[in-house]
Structures are given as structure tokens and as C-alpha cells.
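First listed ligand is number 1; within each ligand, the first listed atom is number 1.
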Amino acid sequence: MAGHVVLVGLMGSGKTTVGRRLASRLDRVFVDADDALVEITDRTIPEVFAEKGESGFRTIEAEVLEELLARREPRIIAAGGGVVLREENRARLKAPEVTTVWLTASPAFLASRTSAKPHRPLLSGDEPPREVFARLDAERSPLYREVADITVDIEPFHLDDDKPKSVLADRIADLVLAHEGSRAADGAVS
Ligand code: S3P
């Protein structure tokens, strides 16, 4: 049975673009969790970081994830890169009815193609992007691994294809349907 699908991974791994395409392939509604947070707080992400600190941002991020996962209609959710930092979020992402997809790539690859967009205060300091990504990768890879039902290395898609995000979305759609199918079969026998 279809449940929520959550895309996780570092900034720049393509969660939003791939998520939108995946939603259209699977005919489900797409939500970007960062956009939902901005809408709910009526603040930009840098404003939330400035007013409440990173820890305040993480608390709101957790509330937004809880709210999105509580909805009945199955959604494709692009989570912010740091969603795995809170234990309560990891518990939600590991719930059997949620399919969590980790888009992974090397820090050097992500640093080479990720820009410091306004919603990314972590990339706007003095630390060079390569170092930011290396640090975040070391801190977060074990956490992404802990929650992931499906892991997809995005780099080969970018090397081989003209439209990597479309091909990636097709591949992930197949993997999600297979995962949901095997979950339904397990449920039927147990
Ligand atoms: C963050 C990633 C951002 C956004 C915020 C914090 C992170 O989302 O939630 O700037 O901690 O990695 P994207 O991963 O969508 O860029």
C-alpha cells in the first residue's frame, strides 16, 4: 500500500527536483518541507536561524515533519538536509509505513554543484563549501544510513545521462513501488 515517501540527503543532492518528478511519476502530491516551514512560520529560513538559532530551527523542522507525516494522503516529501539530526525525526522516518530514500553523493561532487541559496545559511559562512560538505557528510552519513529504506548514489546518473534527474526519478519510482510491494506482501503473510 502507498505511504509517504521522504527524500533525505545533503543539500544539493536534488531532493526537491527529483521529488517533484517522482511525485508526477507516482501520481502523488509533492511537498517541500523547507517551503512548508517557511509558510507555517511566515519567516525565511535565515530569519528563523537568526531569531531562534539552529536549535530553534530544528525544533520547528521536527514539528513540520510530524505534521506532514500525519496527513492521510500519501505524499512525496523533500526533507531539509539536517532532518536526520533529531532522534524523534529518525524514529518517524524509520516507521514501517514511511519509505525513506537517501540520495547520496561525495562531498566534493556536492560542493562543486551546490550554490549558497538563500535557504542555506550553513553555506553562507566563511568555511569553504568543500569543508562544509565534508563535515556534514561525516556527521550525517551514519544517520541517513540508519533511516534509509532505499539508497541511491546520484553521481553515476549525472555522469551518464543528459537528463539525470528524470532518469533518477524513474529509477526511484521503480524502487519505491518494489519496496511498497514487498512491504504489502510481508504484511499479508504476517
Ligand atoms: C539544511 C538544509 C537546507 C535547509 C537548511 C538546513 C541542512 O535544506 O533545511 O538550510 O542542515 O543541511 P536543503 O537540504 O533542501 O538545501
Looking only at protein heavy atoms, what sits closest to atom 3 (C) of ligand 1 is Asp34 OD2, 3.7 Å
Is it the side chain (CB and beyond), the backbone, both or neither of Glu139 that lies under 4.0 Å from ligand 1, heavy atoms counted?
-> neither
Proximal atoms of ligand 1 relative to Gly82 (non-hydrogen, under 4.0 Å) | 7 (C), 11 (O), 12 (O)
Enumerated ligand 1 atoms positioned under 4.0 Å from heavy atoms of Leu122 = 7 (C), 11 (O), 12 (O)
Could you list the atoms of ligand 1 found under 4.0 angstrom from a heavy atom of Arg58?
-> 7 (C), 11 (O)
Nitrogen or oxygen atoms of Gly81 and ligand 1 under 3.5 Å apart = yes
Does Arg130 CZ have over 12 foreign heavy atoms under 6.0 Å away?
-> no
Between Asp137 and Ala105, which heavy-atom pair has the shortest distance, and what is it?
-> OD1-O, 4.5 Å
Of the protein's non-hydrogen atoms, which lies at the shortest distance from atom 16 (O) of ligand 1, and what is that distance?
-> Arg120 NE, 2.8 Å
Look at atom CZ of Arg171 and say whether more than 12 heavy atoms of other residues, nucleotides or ligands are closer to it than 6.0 Å.
-> no
Sort out for me which residue in Arg21, Lys163, Arg25 forms a side-chain hydrogen bond (donor to acceptor under 3.5 Å, both in side chains) with Asp170.
-> Arg25
For atom CD of Glu146, is the number of surrounding heavy atoms from other residues, nucleotides or ligands below 6.0 Å larger than 12?
-> yes
Taking non-hydrogen atoms only, is Lys15 closer than 4.0 angstrom to ligand 1 via side chain, backbone, both or neither?
-> side chain
Nearest neighbour in protein (non-hydrogen) for atom 12 (O) of ligand 1 = Arg140 NH1, 2.7 Å
Which atoms form the tightest heavy-atom contact between Ala148 and Trp102, and what is the distance?
-> CB-CB, 3.8 Å
Specify the closest pair of heavy atoms between Leu7 and Val18, including all atoms of both residues, with the distance to one decimal.
-> CD1-C, 4.3 Å
Closest non-hydrogen atom pair, Pro74 against Gly3 = CB-O, 3.5 Å
What part of Asp32 sits under 4.0 Å from ligand 1 if we count only heavy atoms: the side chain, the backbone, both or neither?
-> neither
Which ligand 1 atoms are under 4.0 Å away from a heavy-atom of Pro121?
-> 10 (O)
Where on Glu54 is there a heavy atom closer than 4.0 Å to ligand 1, on the side chain, on the backbone, on both, or on neither?
-> neither
Sub-4.0 Å atoms of ligand 1 with respect to non-hydrogen atoms of His119 = 4 (C), 5 (C), 8 (O), 10 (O), 13 (P), 15 (O), 16 (O)
Please step through salt bridge (charged side-chain N to carboxylate O under 4.0 Å, His left out) for the pair Glu88 and Lys94, ending with a clear verdict.
-> CA-CA 10 Å; Glu88 63 194 290; Lys94 286 192 281 186; over 6 Å; no
